[in-house]
Amino acid sequence: MRQFLIVAACAAAISGCGRSPAEQLAYDHAEAQYQINRENSARYRQSVEDAANEEVKPRDASPRPRS
């Protein structure tokens with residue numbers, strides 16, 4: 001009897017690990033959003049890094065037109 005309960009408990013644990021369709025949809029959406037956020041974050045960090053490495057070019061001073 002004890003072995004049967006152990007086998008039944010293992011079978012229930014294994015078969016009960018699946019996601020419902022709604023849970024799977026939410027999981028897939030969260031995974032896709034995570035990838036989008038990761039790519040956006042990498043692009044933002046790169047743009048900040050590029051801006052920090054860019055030299056500031058001085059503007060040429062031109063005389064003001066007289067009116």
(message) Please check this pair: side chain of E23 against backbone of S20, looking for a donor-acceptor N/O pair closer than 3.5 Å.
(response) yes
(request) Measure the shortest side-chain to side-chain distance between N53 and E49 over non-hydrogen atoms and say whether it is less than 4.5 angstrom. (result) yes
(message) Working to the nearest 0.5 angstrom, can you tell me the gap between Q33 CD and R38 CZ?
(response) 13.5 Å
(request) With rounding to the nearest 0.5 Å, note down the distance linking CZ in R45 to CG in N40. (result) 11.0 Å
(request) Can you establish whether the number of heavy atoms outside Q3 located under 6.0 Å from its atom CD is more than 12? (result) no
(message) I need the D50 CG to R43 CZ distance, nearest 0.5 Å.
(response) 13.0 Å
